[in-house]
Amino acid sequence: MDALAGLNPAQRKAVEAVRGPVLVHAGPGSGKTRVIVHRIAHLVASCGISPHSIVAVTFTNKAAREMAERLGHLLGRQAGELSLGTFHALCAGILRRDGAAVGLHRRYSIYDDGDQIGLVKRGLQDLGLDPRAYNPRALLTAIGAAKSRLLTADEYVQSSQSYFEEVVGRVYLRYEMLLAQNQAVDFDDLLMKTHHLFQSQPQILARYQAGYDHVLVDEFQDTNPTQYALARQLAAGQSNICVVGDPDQSIYSWRQADLRNILDFERDYPEAQVICLDQNYRSTQTILEAAHSVVSVNEDRKETELWTENERGLPVVVLEAESESDEARFVVREVARLLAGGDVSPEDCAVMYRTNAQSRALEEAFIRRGMPYQVIGGVRFYERREIRDLIAYLRFLYNPYDDVSLLRIVNTPLRGIGQRTLDEFRSWTGQVGIPLYAGLQRLCEDGPANPFGTHAAAALGRLASLVRDLSARSAEVDVARLLDSVLEMTGYQAYIIESADGEERWQNVLELRGIAASYQHLDPQQGLTAFLEGVSLFSDTDELDEKTGRTTLITLHQAKGLEFPVVFIAGMEEGLLPHFRCFEDREQMEEERRLCYVGMTRAKKRLYLLRAVRRTFMGGVTANPPSRFLGDIPRKLTRSATVYGEEAEPGSPVVAAAVEFQAGDHVEHPKFGQGVVVASRSTGDDSELEVMFAGLGRKKLLASLARLSKSSPE
DNA sequence: GCCTCTGGATTTTTT
DNA sequence: ATCCAGAGGC
């Protein structure tokens with residue numbers, strides 16, 4: 001095997017630079033994955049490095065799988081010995097093995113977003129704070145941000161500067177306590193606790209460092225400081241660390257990804273080799289130039305430009321539609337037209353958008369035309385109620401300290417344990433000083449001689465023996481059979497089938513059953529561990545399948561790393577892309593630009609930028625001006641067109657009302673002063689505006705009542 | 001204890 | 001438009 005075959009000089013250099021720190025700057029379509037794969041193959045096949053001592057971190061599980069597959073072709077069996085995965089998956093494994101050193105049981109739970117919100121709300125309650133006065137979401141974001149910067153609750157409290165931060169600090173402390181009680185971690189904890197483990201237990205770190213001589217990090221621009229710190233810890237033994245990224249494609253700052261990691265890398269490893277991959281193999285010259293014209297407006301940016309030997313190609317199509325349904329109809333018609341041409345198949349096409357809500361109109365159009373499509377993300381499988389319920393059952397059986405899961409299933413399906421009984425039960429276990437699950441055990445042992453009223457005692461007793469029987473079962477049978485037992489013994493199956501949309505929900509349950517069945521080859525304990533971990537760390541992009549014969553509908557964020565011959569970007573409007581939440585902040589606005597750049601550079605041959613003049617949004621109608629990004633693309637690269645459908649006339653009153661004030665307009669209010677319209681919805685003959693006023697925040701106003709006047713921006 | 005109704009908030013992106 | 005929490009009736 002020749003790991004260097006077919007590489008250009010820069011790629012070859014990146015593959016061969018095996019010693020010491022390396023920073024690879026890889027623009028879109030520059031063969032980044034190729035470089036990583038060949039670098040690993042080169043390390044193993046030519047340098048004689050053991051695959052056991054290589055760890056490669058990817059952004060998604062899917063990326064890890066694909067890499068594993070390609071390496072399988074190059075290295076055969078040895079590829080299975082590499083450590084490949086996301087930071088989260090790798091950390092979950094490390095904590096499973098060594099978490100005891102930081103107070104974590106072997107069987108801990110991983111809490112997702114919904115669980116976390118629940119814990120924050122409980123924390124607020126415990127502290128006697130009103131969950132309506134303090135938005136749990138905002139608190140959780142603040143806590144997550146702290147964890148992404150390795151700030152513990154104590155440190156946070158020490159350093160809090162404002163009243164809000166003080167509240168966050170108190171909630172953070174409480175939240176951590178609740179997690180510990182439940183033997184649970186959140187996503188950020190997977191990283192932070194691993195880091196803490198390594199820091200506090202040098203002998204454990206040494207073991208991993210000795211194991212990992214070579215550390216690779218993909219999508220480095222989207223790592224957060226905690227992830228970077230982890231990578232440094234792992235690489236500290238040999239300093240053979242290679243990070244690959246592209247600052248222009250950094251689109252996850254809201255998840256605390258920090259571009260400064262790239263600068264820090266050069267500071268932390270001054271001897272690092274920097275290699276730039278700037279030849280693009282993916283797109284036409286026209287597409288590259290158009291994309292560059294959008295991203296190059298950014299001020300926080302080193303000027304780099306990709307070049308390509310590919311043909312000039314077709315102009316970028318810029319299309320104005322009357323409504324989102326016209327926009328969607330155009331997409332479907334155009335896909336059909338290209339299919340008829342013969343050289344394009346449905347899976348060659350992708351439709352991208354800023355927000356998941358936009359997928360709806362598109363989906364309808366595909367359905368109406370009978371065209372095959374797949375939506376990535378959207379209503380997520382693992383967020384469906386029936387799925388969460390069943391996972392809660394399994395999670396509680398796996399980790400009995402997991403009260404969040406227990407409380408979810410205590411009365412699902414209904415078994416007569418209402419709020420009242422539950423409160424009594426909880427205060428009883430509190431008084432006795434035992435965890436909830438132990439309380440249930442005790443009820444089992446004591447039989448009817450418990451301190452509750454007859455009705456409650458009977459209901460609790462039934463739950464207790466149910467739990468006892470199911471946990472006995474969990475030690476004996478594989479995940480799929482355990483799930484069967486849950487469905488049967490709890491009456492959940494009947495409960496689902498009789499519920500509204502029972503048929504559909506039961507199908508979901510069967511799908512989960514199928515996923516569980518894929519863990520059958522493991523012993524009961526390992527199987528349950530692996531299943532729950534897989535479920536927790538699963539991401540929507542993981543299910544993306546490129547060879548389906550279906551057109552892909554996907555958010556711009558999820559599209560990162562993918563490529564398609566034909567790309568449509570829908571909703572090129574002020575308020576959507578860029579999103580109105582970013583109007584006020586230059587850095588965020590620059591990220592919107594990068595997001596647009598990421599979308600455009602997914603396209604190989606054909607790129608369509610679409611917008612709708614009028615769009616339904618939260619019940620009302622909004623009218624958004626064209627995205628400023630469209631204006632940055634030189635006209636010579638584009639071809640413009642308009643589509644107007646039959647159902648709407650441009651001059652209709654509905655449209656007129658919404659057009660009066662548009663998202664992005666600067667306005668003046670007699671009392672509130674200067675502001676920016678962030679949303680306008682037309683409701684019949686009036687429009688309801690949301691305006692962001694300097695210092696006052698968002699206010700909702702009726703256009704007919706509030707005496708607003710348009711003003712010029714500064 | 002459970003069901004239904006209402007009003008309010010809520011949607012940006014996700015490991 | 002849809003989801004949630006809280007109130008009130010059975």
Side-chain angles (χ1 to χ4, degrees), chain A residues 57-64 85-92 110-114 116-118 121 125 130-132 135-138 141 144 147-148 185-191 219 222-224 226-227 250-257 352-360 376-380 382-383 385 410-423 453 455-456 459 533-542 554-560 571 575-583 588 591-592 594-596 598-599 616-620 678-679 681 683 690 698 700:
Chain A
V57 188
T58 56
F59 194 67
T60 62
N61 301 305
K62 176 169 172 270
T86 61
F87 271 111
H88 292 89
L90 292 166
C91 288
I110 300 173
Y111 280 178
D112 67 14
D113 199 68
Q116 292 177 50
I117 289 285
K121 283 187 187 163
Q125 247 170 32
D130 182 1
R132 273 162 306 184
N135 181 288
R137 175 104 262 154
T141 304
K147 290 187 174 187
S148 301
V185 301
D186 62 23
F187 283 128
D188 299 309
D189 277 342
L190 288 170
L191 311 172
E219 305 285 7
D222 286 323
T223 53
N224 67 36
T226 299
Q227 291 171 325
S250 157
I251 53 175
Y252 282 93
S253 71
W254 49 273
R255 223 171 69 188
Q256 314 311 320
M352 302 176 186
Y353 35 81
R354 177 67 229 264
T355 66
N356 277 307
Q358 290 171 257
S359 68
R360 196 152 172 178
I376 306 302
V379 196
R380 301 198 179 83
Y382 288 108
E383 277 167 29
R385 203 170 65 230
V410 137
N411 205 25
T412 318
L414 297 176
R415 49 173 76 92
I417 303 175
Q419 200 53 56
R420 184 76 180 274
T421 305
L422 193 54
D423 287 345
H455 190 74
E533 204 162 288
V535 161
S536 301
L537 301 180
F538 175 89
S539 70
D540 294 308
T541 10
D542 294 339
I554 193 170
T555 64
L556 288 161
H557 280 90
Q558 294 185 119
K560 188 178 73 162
L576 264 181
L577 184 67
H579 196 270
F580 62 74
R581 284 232 145 81
C582 309
F583 282 174
Q588 284 191 50
E591 183 147 314
E592 296 291 294
R594 294 193 292 268
L595 190 56
C596 186
V598 166
T616 20
F617 188 62
M618 288 209 268
V678 290
R681 313 169 35 217
T683 50
E690 253 186 83
R698 280 220 303 261
K700 275 189 187 161

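Below, chain A is the first sequence line, B the second, and so on; all start at residue 1.
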Which nucleotide in the set [options] lies at the smallest distance from any side-chain heavy atom of [X]?
{"X": "A/Arg420", "options": "B/dT15, B/dT13, B/dG1", "answer": "B/dG1"}
{"X": "A/Arg255", "options": "B/dT13, B/dT15, C/dA5", "answer": "B/dT15"}
{"X": "A/Leu414", "options": "B/dC3, B/dG1, B/dT14", "answer": "B/dC3"}
{"X": "A/Thr421", "options": "B/dT15, B/dG1, B/dT10", "answer": "B/dG1"}
{"X": "A/Asn411", "options": "B/dT13, B/dC2, B/dT10", "answer": "B/dC2"}
{"X": "A/Phe187", "options": "C/dA5, C/dT2, B/dT15", "answer": "B/dT15"}
{"X": "A/Ala357", "options": "B/dT11, B/dT15, B/dT14", "answer": "B/dT11"}
{"X": "A/His557", "options": "C/dC4, B/dT15, B/dT13", "answer": "B/dT13"}

With sequence neighbours left out, the residues meeting side chain to side chain donor-acceptor pair (under 3.5 Å) with A/Arg255 are none

So what does [X] hit on the nucleic acid, given a heavy-atom distance under 4.0 Å: a base, only sugar-phosphate, or nothing?
{"X": "A/Asn135", "answer": "sugar-phosphate"}
{"X": "A/Ile251", "answer": "nothing"}
{"X": "A/Arg360", "answer": "sugar-phosphate"}
{"X": "A/Asp113", "answer": "nothing"}

Residues at least two apart in sequence or cross-chain that pass salt bridge (Lys or Arg N to Asp or Glu O under 4.0 Å) with A/Glu592, listed by chain then number, are A/Arg354

Query raised in the report: Taking side chain as C-beta onward, heavy atoms only, is A/Gln227 less than 4.5 Å from A/Val57?
Result: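 No, every pair of side-chain atoms sits at 4.5 Å or beyond.
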
Inset, instruction - Please answer whether B/dT13 and A/Trp254 are stacked, defined here as ring centres separated by less than 5.5 Å and planes angled under 30°. - result: yes

Query raised in the report: Should the pair A/His88 and A/Phe187 be assigned to parallel (<30°), tilted (30 to 60°) or perpendicular (>60°) ring geometry?
Result: perpendicular

